[in-house]
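Below is one structure, written out as structure tokens; comments come after it.
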Amino acid sequence: MARDDAAALNDPNVSPSREQKVKLSIRALAGLCFLLVSGTSALAACTLTKVTEMPLIVLGDHYAAMVQIGDVTRPMLVDTGAAQTILKSSVADELKLTPDSSLAEVKPVFGIGQTTTQVHLNVIPSVLGLGDLVLRDRSTVVADMDDGASAEKASAGLLGDDILSQYEVEFDFPSKKLTFYRAFGCYGAFTPWTGSYSSIPFVHDGTKIIIDVILNDERTRAIVDTGADVSVVSRRSLALWGMPDDHFVDTKAQIGTSLNGGSAFALQMFLFDKVTIGKEVFPARVMRIADIDFYVGSALLGLDYWKTHKIWISYRNGRMFLADKASTTTLAYPVEKEPPAGEDITAAPAKGGTMAEVAPSDEAPADRQISTNEGAASTAVDAVHTEPVLHRSIMKDQPAWLLPVYSLEEDCESLAPTVTFSKPPDHGAASMEVRDRHAAYPAGSPLEKCNARTIPMIVIKYTPAAGYIGEDTITIDEAYADGKHRIRHVDVTVD
């Protein structure tokens with residue numbers, strides 16, 4: 001990803017952040033090649049905050065995490081190859097999830113090799129909970145999925161790239177753990193582990209992770225897909241290398257998808273003299289071949305490879321760190337615990353109501369995401385409450401909800417504050433809309449009972465300037481009927 005940080009540094013009207021200065025020196029990527037790393041020392045300023053850790057459970061030929069959907073908990077397959085987090089249409093109907101009448105977030109869903117799809121209205125679960133990470137009222141894509149009689153039929157859908165890519169993600173398949181982190185002050189030389197592992201640069205096209213592998217002596221782009229149970233090479237790519245039909249073994253199996261009626265493809269086998277993935281070299285390795293075109297690559301690496309490894313995906317740094325099952329690695333940085341979603345970080349409420357509560361972004365990560373370097377409590381000075389800085393990561397050219405603002409009386413009636421932008425964004429536009437959503441008061445709050453109701457909220461929306469990638473800030477001023485004010489700063493990262 002490219003960005004004009006140099007322009008920011010030379011513009012006297014822009015105060016470049018430390019991130020911008022550092023990123024200028026690290027943006028150059030020397031191509032897709034493999035780097036072998038052992039025992040790299042950690043930067044003293046770098047810290048990790050653990051957002052959530054969940055068990056990975058085996059579900060048929062896949063791995064799943066238990067996700068709270070509204071009032072129930074169901075397994076969802078963890079799928080780096082899925083562009084969107086998807087709920088099965090059958091699950092959306094069963095749980096009577098609220099349809100999202102807006103078409104802004106509707107996405108067509110394609111399975112492997114598919115060219116047609118069905119499109120459904122999104123739904124808005126009141127809660128999408130992944131351990132300590134709680135996303136509220138998040139518009140979520142719906143698709144027809146039919147897993148037949150397989151164990152995967154118990155899944156509620158797919159946990160995809162749109163959520164995974166907001167974090168540093170560690171898949172520890174041998175130990176069956178999935179952990180989300182946030183990294184602070186970790187740039188350039190960021191390497192999460194000490195020990196022996198491979199560091200592999202990747203391209204993130206906004207929906208998929210693409211790395212280089214070497215098949216025989218040909219460098220080949222491959223999709224990292226934890227939602228696929230097997231690895232596959234496109235037959236067309238072999239044709240480009242002049243492989244005749246008589247080099248293929250007869251059809252041995254089929255590969256398909258549960259999405260939108262499914263499509264099945266015959267699998268043949270081909271014996272490669274050598275396959276290289278990271279630092280691992282496999283001599284005389286048989287790979288599955290199918291007549292499928294992968295639009296961003298020539299191969300797909302599935303769980304038949306990944307399930308014996310521990311992998312760390314650093315989306316912001318564009319690197320994957322890979323340790324095999326025999327390797328021992330330990331975290332290279334101190335780890336702190338992120339405050340759980342729903343923790344009350346506001347000042348004491350005024351009599352007869354509360355200060356506005358923060359609910360999570362539709363596009364984003366957890367409720368109340370706070371840097372560990374920032375205070376967890378607001379400061380009251382002359383009736384002005386300055387909240388900890390919120391951090392939001394969004395995609396280039398995609399508008400996103402940053403946060404809703406609301407205030408309730410003890411009888412759960414809404415007292416909407418007056419909201420203004422005391423500092424508009426420099427690289428985009430901020431706007432406000434009124435939308436009905438569930439409140440999100442923490443357990444034990446006198447207004448916890450109001451969470452069951454939908455109330456009108458002022459929702460802050462941010463639209464980045466066309467093509468912009470980088471940092472932006474917004475300051476929001478909220479005025480309440482009792483004369484108090486709340487000031488909220490939001491740092492936005494556009495990737």
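Just so you know, these numbers use all the heavy atoms, side chains as well, and skip hydrogens, waters and symmetry mates.
Side chains of H204 and D495: a donor-acceptor N/O pair is absent below 3.5 angstrom, by distance only. A donor atom on one side chain and an acceptor atom on the other are not found under 3.5 Å apart for T73 and Q68. Side chain to side chain, Q398 and Y462 fail the donor-acceptor criterion of an N or O pair below 3.5 Å. One side chain, H489 or T475, offers a donor N or O that lies under 3.5 Å from an acceptor on the other. Using a 3.5 Å distance cut-off with no hydrogens or angles, the side chains of R319 and S199 do pair a donor with an acceptor. A donor-acceptor contact closer than 3.5 angstrom links the side chains of S139 and D100. For the residue pair D144/S89, the side-chain donor-acceptor check at 3.5 Å is satisfied.
Between A83 and D161 the shortest heavy-atom distance is O-CB, 3.7 Å. Pairing each heavy atom of I474 with each of P425, the nearest pair is CG1-CB, 3.8 Å. Considering every non-hydrogen atom in both I277 and L301, the closest pair reads CD1-CD2, 4.0 Å. The two residues E280 and D324 make their nearest non-hydrogen contact at OE2-CB, 3.7 Å. Minimum heavy-atom separation, I455 to A439: CD1-CB, 4.4 Å. For H438 against S126, the heavy-atom pair with the smallest separation is CD2-CB, 3.7 Å.
Between the side chain of T85 and the backbone N or O of G160 there is at least one donor-acceptor pair closer than 3.5 Å. Judged by distance alone, with hydrogens and angles left aside, the side-chain atoms of S155 form a donor-acceptor pair with the main-chain N or O of E152 at under 3.5 Å. A distance-only check finds a donor-acceptor pair linking the side chain of T226 to the backbone of V78 [under 3.5 Å]. Checked by atom type and distance alone, the side chain of D212 never pairs as donor or acceptor with a backbone atom of R219 at under 3.5 Å. Side-chain atoms of H309 come within 3.5 Å of backbone atoms of Y305 as a donor-acceptor pair (strictly under, hydrogens ignored). A distance-only check finds a donor-acceptor pair linking the side chain of S445 to the backbone of L447 [under 3.5 Å]. In this structure, the side chain of T80 engages the main chain of V224 through a donor-acceptor pair within 3.5 Å. For N451 (side chain) and Y441 (main-chain N/O), a donor-acceptor pair under 3.5 Å exists by modelled atom type. For the pair D61 (side chain) and D229 (backbone), a donor-acceptor distance under 3.5 Å is absent.
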Please evaluate residues Y167 and Y315 with respect to the criterion ring-ring contact (aromatic ring centres under 6.0 Å, His included), reporting the C-alpha separation (whole Å), side-chain torsions for both, the decisive distance (0.1 Å), and the verdict. CA-CA 7 Å; Y167 305 95; Y315 287 89; 9.2 Å; no
Stepwise salt bridge (charged side-chain N to carboxylate O under 4.0 Å, His left out) check, D162 with R138: CA-CA 12 Å; D162 56 338; R138 183 185 190 278; 2.9 Å; yes
D304 vs S231, side chain to side chain donor-acceptor pair (under 3.5 Å): CA-CA, chis, key distance, verdict: CA-CA 7 Å; D304 54 342; S231 301; 2.7 Å; yes
Dump the intermediate steps for ring-ring contact (aromatic ring centres under 6.0 Å, His included) on F190 and Y333, then the final yes or no. CA-CA 10 Å; F190 175 66; Y333 306 100; 5.5 Å; yes
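Summarising the local packing, NZ of K208 is surrounded by more than 12 heavy atoms from other residues, nucleotides or ligands at distances under 6.0 Å.
With respect to the salt-bridge test (charged N to carboxylate O, under 4.0 angstrom), the residues K461 and E433 qualify. One finds no salt bridge joining E170 and K50 here, because no Lys/Arg side-chain nitrogen approaches an Asp/Glu carboxylate oxygen to under 4.0 Å. A salt bridge links E413 with R453: at least one charged nitrogen is closer than 4.0 Å to a carboxylate oxygen.
Residues T473 and V492 fail the side-chain proximity criterion, which asks for heavy atoms closer than 4.5 Å. Counting heavy atoms from C-beta outward, L390 and D491 have side chains that stay 4.5 Å or more apart.
Here the CG atom belonging to L158 is positioned 5.0 Å from the CD1 atom belonging to I86, to the nearest 0.5 angstrom. Taken from CH2 in W401 to OG in S431, the straight-line distance is 6.5 Å, to the nearest 0.5 Å. If you take NZ on K396 and CD1 on I469, they are separated by 4.5 Å, rounding to the nearest 0.5 Å. Between T52 atom OG1 and F180 atom CZ the span is 7.5 Å, to the nearest 0.5 Å. Between the CD atom in E53 and the CG atom in L133 there is a gap of 13.5 Å [rounded to 0.5 Å]. Residue W193 holds its CH2 atom at 8.0 Å from CH2 of W312, rounded to the nearest 0.5 Å.
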